[in-house]
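Sequence lines set the chain letters: A, B, ... in the order given, protein chains first and strands last, and positions in each chain run from 1.
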Protein chains: 2
Amino acid sequence: MREDTRTRIQEVALRRFTEQGYEATSLREIAEELGVTKAALYYHFKTKDDIVASLVEKRLIELEKLLEWVRSRPKTPETRRELVERYAADLRDSRHHGIARFLERNQTALRDHPTLIKIRERMMELISELSESGATPTERVSYSLALFALHAGKWLLKEDELPEEEIQKATVEVALRLLDA
Amino acid sequence: MREDTRTRIQEVALRRFTEQGYEATSLREIAEELGVTKAALYYHFKTKDDIVASLVEKRLIELEKLLEWVRSRPKTPETRRELVERYAADLRDSRHHGIARFLERNQTALRDHPTLIKIRERMMELISELSESGATPTERVSYSLALFALHAGKWLLKEDELPEEEIQKATVEVALRLLDA
DNA sequence: GTCTATAAGGCGATAGAC
DNA sequence: GTCTATCGCCTTATAGAC
């Protein structure tokens, strides 16, 4: 039983938006790869932007859940540690990982997209939850970079051809170490 | 005595490419801001890509100089430390800083641009110069992230409204600390 | 060195048949 | 749910006058 068209559009769009960028990917391209016409796409999605919205919605919800959780906790080193581990676990999920890569690579092109604006805001809120109000600039940079380390590892070690699991472990280790600044 | 048109084109293009992205910025826009017509732009630059090339050339040369320097040195902690400080000093220069931001934000859109491909290659080479061949994955991630920290600090702390100098100091501190993994 | 005018083509999006 | 056909707009880029 073959997937429905809507899902296939999302898959192709996500891959091409990630690899070539949102603006450089035309709806004609996507349609051709799927063996349908552009017009068929418009039956499933109102606009090109709407495809993006459908892609990133779940990521926004995930971030909001994480934010709600961390705010229900005392601001302790233990909470920070667990936040980093939960964030890493989210990224480990292949669906979220794909979305996260798409987001990294289209920050500028999609800077005005409503859902992406919210995602950016939630990310900044998450980062600020990592720092106590009295934290020094050095601590702030270090804590913020912790979440970032989890994203960066994937492409930093791409030449080493290490098993996915080992890269995962290394990035989490570095991230946790950044919390001890 | 007003700057020549070629330089003004570069300034406007750099700003708009950085803020809105390369693809989202049309030559018409740039021309209008300068009070000339599109055709005038084509007198100074062969293509839109050519404007980018003129912008990033110096950054490539700077990276190649840095690479040459680090390769002339023994692979010691002291060399790594000095590399991070030299890299930070480069970024401190306002011209390179502007170019670096432009590069960060247009990685995907300009992934096929010849000069940007070279810049990416040099960056990866620089990163691999930071790691000895026997380094663990954790060390590799940590060292690589050191150079990255220098870029990231600027927008990570943008809400704190700290003086530029203090942000600079904090990022360098975190970067150096990442070298002690 | 800058202009007007235009070529040539791709884009997102829509109407209406089937 | 997918098609054909097309609209209107914007783009990069060029030719040739001044």
Undergrad: Expressed as a whole number of angstroms, how long is the span from B/K46:NZ to D/dT12:P?
TA: 17 Å

Undergrad: Are OP1 or OP2 of C/dT14 and a side-chain N or O of A/Y42 less than 4.0 angstrom apart?
TA: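 No, A/Y42 has no side-chain N/O under 4.0 Å of OP1/OP2 on C/dT14.
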
Undergrad: Would you call B/E19 and B/R101 a salt bridge, using N to O less than 4.0 angstrom?
TA: no

Undergrad: Does A/R28 put a side-chain nitrogen or oxygen below 4.0 Å from OP1 or OP2 of C/dC11?
TA: yes

Undergrad: Determine, for A/R6 against A/E11, whether the closest basic-nitrogen to carboxylate-oxygen distance falls under 4.0 angstrom.
TA: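 No, A/R6 and A/E11 are not salt-bridged.
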
Undergrad: Under 4.0 Å between a side-chain nitrogen and a carboxylate oxygen: does that hold for A/R92 and A/E164?
TA: no

Undergrad: Report all interatomic pairs (protein N or O, nucleotide N or O of nucleotides 1-5 of chain C) with separations under 3.5 Å.
TA:
from  : atom 1 : to    : atom 2 : distance (Å)
C/dG1 : OP2    : B/Y43 : OH     : 2.5
C/dT2 : OP1    : B/T5  : OG1    : 3.0
C/dT2 : OP2    : B/H44 : NE2    : 2.8
C/dC3 : OP2    : B/T37 : N      : 2.7
C/dC3 : OP2    : B/T37 : OG1    : 2.9

Undergrad: Can you measure B/F45 atom CZ to D/dT14 atom P for me and round it to whole angstrom units?
TA: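 Rounding to the nearest Å, CZ of B/F45 and P of D/dT14 are 15 Å apart.
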
Undergrad: Look at A/S26 and C/dC11 and indicate whether a side-chain polar atom (N or O) is within less than 4.0 Å of OP1 or OP2.
TA: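 It does, given that an N or O in the side chain of A/S26 lies less than 4.0 Å from OP1 or OP2 of C/dC11.
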
Undergrad: Considering only heavy atoms from C-beta outward, does the side chain of B/L110 approach that of B/T115 to under 4.5 Å?
TA: no

Undergrad: Could you check how far CD of A/E23 sits from C1' of D/dT12, rounded to whole Å?
TA: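 That distance rounds to 15 Å.
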
Undergrad: Any ion pair linking B/E32 and B/R28 (charged N to carboxylate O, less than 4.0 Å)?
TA: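 Answer for the salt bridge query: yes.
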
Undergrad: Give the nucleotide from the list D/dA13, D/dT11, C/dG12 with an atom nearest to the side chain of A/K48.
TA: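 Looking only at heavy atoms from C-beta outward on A/K48, the closest nucleotide is C/dG12.
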
Undergrad: How many Å lie between CD1 on A/I30 and P on C/dG10, as a whole number?
TA: 17 Å

Undergrad: Run the side chain to side chain donor-acceptor pair (under 3.5 Å) test against A/Q20 and tell me which residues pass, sequence neighbours left out.
TA: A/T25, A/E29

Undergrad: Between atom CD in A/E32 and atom C1' in C/dG10, what is the gap in whole Å?
TA: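 Nearest whole value for this atom pair: 12 Å.
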
